[in-house]
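The structure displayed is predicted, hence computed values, not measured ones.
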Amino acid sequence: MSDFLQTVAVGWGKIWPILFAIFFFGVIIAVHEGGHFAFAKLFKVRVNQFALGMGPCIWKKQKGETEYSLRLFPIGGFCAMEGEDEDSDDERAFVKKKVWQRMIIVAAGAVINILLGFLIVLGMLTQESLIGTPQINSFYENASTQQTGLREGDVIREINGRRVFSQYDLGFLLSRDKDGSVDFVVQRDGEKTAVNGVKFDTYTAEDGTESMVYDFIIVGVKPTFGAVLKYGVGETVSIARIIWISLFDMLTGTYGFKELSGPIGTVGMIAEVTQSATKADLTPILTILALITINIGIFNLLPIPALDGGRLFFLLIEGIFRKPIKRKYEGWIHAVGLVILLGFMVAVSFSDILKLSRGELF
C-alpha cells in the first residue's frame with residue numbers, strides 16, 4: 001500500500017503543476033474576456049455569448065440575454081456582442097455605439113491583462129526581503145566593469161541606448177549584447193554621465209554558449225508601500241517592453257522559430273517553475289506569471305488583423321476620417337489574419353510537441 005501511495009504522490013507531484021498552469025491560462029482568458037464583457041455592459045451593448053475556452057461546448061447556461069459557456073480547449077475565449085462583426089438594427093448593438101466607446105470595449109481585455117500582471121508584480125515585490133534596483137552597490141574583486149568605467153553608487157539609466165526602468169532591464173539588455181563591450185548612461189553625482197566601452201568578462205558554458213560575468217552587486221531597498229509601488233511600475237514597464245524587443249529580435253533573425261513557444265511550451269514552462277518553487281521563494285513563479293499575462297495583453301494590442309489591436313486600428317481610422325471602412329472588407333482582412341494566426345499557432349504548437357517528445361519540455 002505504501003508503494004501505491006508513493007506512486008500516487010509522485011504522479012500527483014508531476015500533474016498538479018500542469019493543472020495549475022492550465023488553471024492560470026483560464027484565469028488570463030477569463031480576465032481578458034471579462035474586460036470586454038464589463039465595458040460592453042457599462043456602455044449598454046448587448047452581449048449574446050460569453051465563452052471561456054475554444055472548441056466543443058462542455059457546459060452552457062442562458063442567463064438573461066447572454067449565453068455563458070465553457071469550451072473543451074482552454075486556449076482562448078470570446079465575448080460575442082450584437083453587431084460586432086455584422087450589421088444590426090438593435091439600438092444596443094456594438095456597431096451603434098460611439099467610436100470612443102467601441103475602442104474602450106475592444107482595448108479593455110488587454111488592458112485588464114496588463115493590470116493583472118501589475119498586481120502580480122506588486123505581490124511578488126511584497127514577499128521579497130529586498131527589492132533590487134538599477135544602482136550599483138559594490139563590485140567583486142578585480143571587477144572588469146569597475147576597471148573600465150563604472151563606479152559604486154552609479155544609477156544605471158541606459159544600456160546600449162535603451163532606457164533602464166528596473167533591475168530586470170539589467171539582465172535582459174545586457175544579455176542582448178554581442179561583444180561584451182557595453183555603453184552605459186549613469187546617474188552620477190546628480191548628473192547623467194555617458195560611460196562607453198565598459199568591458200565584461202565572459203565564460204563558456206558546457207553547451208558552448210558564452211555568457212557575461214556580472215561582476216557588480218546592485219542596491220536593494222526594503223519593500224515599503226512606496227517602494228513596492230514605485231518599483232512595481234518600473235518592473236511592469238520592463239516586462240511589457242520585452243515583447244517589443246523580442247519581436248524585433250525575431251524579425252531581424254536574432255532568434256529563430258525554434259526559440260518560440262506556444263500554449264504547450266508555455267504550460268510546460270509554468271509547470272516546471274511551479275514544481276521547483278518553494279513557499280519560501282515564490283519569485284520565480286510570480287515572475288513567469290507576470291511575464292505571460294502582461295505580454296499577452298501587449299501582444300493583443302499589436303495592430304494585427306483578428307487581434308484586438310487590429311480592430312483598434314480600424315476604429316482609429318474610423319475616428320479620424322469620420323467614416324468606417326466597409327464591414328465586408330474589414331471582415332475579410334480579419335478572416336485572413338485569423339487564418340494566418342491560427343496557422344502560426346499550429347506550427348508553434350507542433351514545434352512544442354516535438355520538443356516534448358525529445359524531453360525538452362517538462
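In this structure Ser69 satisfies the side-chain hydrogen bond (donor to acceptor under 3.5 Å, both in side chains) test together with Arg71, sequence neighbours excluded. The side-chain hydrogen bond (donor to acceptor under 3.5 Å, both in side chains) test applied to Asn160 returns Asp177, not counting sequence neighbours. Considering only residues two or more places apart in sequence or on other chains, Thr126 meets the side-chain hydrogen bond (donor to acceptor under 3.5 Å, both in side chains) condition with none of them. Listed by chain and number, the residues in a salt bridge (charged side-chain N to carboxylate O under 4.0 Å, His left out) with Arg163 amount to none (sequence neighbours excluded). Among residues two or more places apart in sequence or in another chain, the salt bridge (charged side-chain N to carboxylate O under 4.0 Å, His left out) test is passed with Glu91 by none. In this structure, the side-chain hydrogen bond (donor to acceptor under 3.5 Å, both in side chains) partners of Ser166, at least two apart in sequence or on a different chain, are Ser238.
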Checking side-chain contact (heavy atoms from CB on, under 4.5 Å) for the pair Phe43/Trp100: CA distance, chi angles, key distance, verdict?
CA-CA 11 Å; Phe43 294 127; Trp100 66 268; 3.9 Å; yes
Verify side-chain contact (heavy atoms from CB on, under 4.5 Å) between Val47 and Cys79, making sure each step is shown before the conclusion.
CA-CA 7 Å; Val47 179; Cys79 177; 3.8 Å; yes
Between Phe50 and Leu52, does a side-chain contact (heavy atoms from CB on, under 4.5 Å) hold up when you go through it step by step?
CA-CA 7 Å; Phe50 181 84; Leu52 298 180; 4.0 Å; yes
Begin from the C-alpha positions of Asn113 and Val31 and carry the test side-chain contact (heavy atoms from CB on, under 4.5 Å) through to its verdict.
CA-CA 6 Å; Asn113 276 141; Val31 167; 4.0 Å; yes
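Under a 3.5 Å cut-off, the side chain of Asp308 and the backbone N or O of Asn300 do not form any donor-acceptor pair. Of the possible polar contacts, one joining the Ser175 side chain to the Phe172 backbone as a donor-acceptor pair under 3.5 Å is found. Under the 3.5 Å distance criterion, the side-chain polar atoms of Glu86 are matched with a main-chain donor or acceptor of Gly83.
Under a hydrophobic clustering in which Ile, Leu, Val, Met, Phe, Trp and Tyr are joined whenever their side-chain heavy atoms come within less than 4.5 Å, directly or via other members, Ile298 and Met103 fall into the same cluster. Using a 4.5 Å cut-off between side-chain heavy atoms of Ile, Leu, Val, Met, Phe, Trp and Tyr, with links allowed through other members, Val27 and Leu115 fall into the same hydrophobic cluster. When the side chains of ILVMFWY residues are joined at heavy-atom separations under 4.5 Å, either directly or via intervening members, Ile131 and Ile217 end up in two distinct hydrophobic clusters. Residue Ile112 is grouped with residue Phe23 when hydrophobic side chains (ILVMFWY) are merged at heavy-atom distances under 4.5 angstrom, including chains of intermediate members. Hydrophobic clustering (ILVMFWY, side-chain heavy atoms < 4.5 Å, transitive): Val213 and Ile159 are in distinct clusters.
In this structure, Glu65 places its CD atom where more than 12 heavy-atom neighbours from other residues, nucleotides or ligands lie under 6.0 Å away. For CG of Asp89, the number of neighbouring non-hydrogen atoms (other residues, nucleotides, ligands) closer than 6.0 Å is 12 at most. Sparse packing is recorded around CZ of Arg151, with 12 or fewer heavy atoms of other residues, nucleotides or ligands lying under 6.0 Å away. Counting heavy-atom neighbours within 6.0 Å of Lys96 NZ, excluding the residue itself, gives a total above 12. Within 6.0 Å of NZ in Lys41 there are more than 12 heavy atoms belonging to other residues, nucleotides or ligands. Under a cut-off of 6.0 angstrom, the local environment of CZ in Phe216 is crowded, with over 12 non-hydrogen atoms contributed by other residues, nucleotides or ligands.
No side-chain heavy atom of Ile333 sits less than 4.5 Å from a side-chain heavy atom of Val336. Between Glu158 and Phe184 the shortest side-chain heavy-atom distance does not fall below 4.5 Å. Considering only heavy atoms from C-beta on, Gln135 stays 4.5 Å or farther from Ile156 through its side chain. Two residues are said to be in side-chain contact when any heavy atoms from C-beta on lie closer than 4.5 Å; Phe165 and Arg241 meet this criterion. Taking the side chain as every heavy atom from C-beta outward, Ile136 and Val219 never approach each other to under 4.5 Å. Contact check for Val164 versus Leu173: side-chain heavy atoms found under the 4.5 Å cut-off. Contact check for Lys192 versus Gln187: side-chain heavy atoms found under the 4.5 Å cut-off. Contact of the Lys97 side chain with the Lys44 side chain is registered, since non-hydrogen atoms from C-beta on lie closer than 4.5 Å.
How far CZ of Phe118 is from OG1 of Thr236: 5.5 Å, rounded to the nearest 0.5 Å. Separation of atoms CD1 (Ile320) and CG (Leu315) is listed at 11.0 Å; rounding is to 0.5 Å. From Leu302, atom CG reaches atom CG of Leu307 across 7.0 Å, with rounding to the nearest 0.5 Å. Taking CG from Leu116 and OG1 from Thr293, the interatomic distance works out to 4.0 Å, rounded to the nearest 0.5 Å. One distance of note links CE of Met212 with OG1 of Thr202; it measures 8.5 Å at 0.5 Å rounding. Within the model, atoms CG of Asp154 and CG of Asp189 stand 8.5 Å from one another, a figure rounded to the nearest 0.5 Å.
Residues Ala227 and Val221 share a closest heavy-atom pair of CB-CG2, 4.3 Å. Considering all non-hydrogen atoms of both residues, Met81 and Ala40 come closest at SD-CB, 3.7 Å. When every heavy atom of Ser129 is checked against every heavy atom of Pro223, the shortest pair comes out as O-CD, 3.4 Å. Thr133 approaches Leu170 most closely through the heavy-atom pair O-CD1, 4.4 Å. Closest of all the heavy-atom pairs between Leu291 and Ile242 is CD1-CD1, 4.0 Å. Shown here for Ala240 and Asn295, the closest heavy-atom pair between the two residues is O-OD1, 3.9 Å.
A donor and an acceptor atom, one from each side chain of Ser88 and Glu82, are located under 3.5 Å apart. Side chains of Tyr214 and Thr145: a donor-acceptor N/O pair is absent below 3.5 angstrom, by distance only.
Here the options are Lys98, Arg311, Arg102, the test is salt bridge (charged side-chain N to carboxylate O under 4.0 Å, His left out), and the partner is Glu318; only Arg102 passes.
His32 and His36 have perpendicular rings, their planes meeting at more than 60° on a 0 to 90° scale where under 30° would count as parallel.
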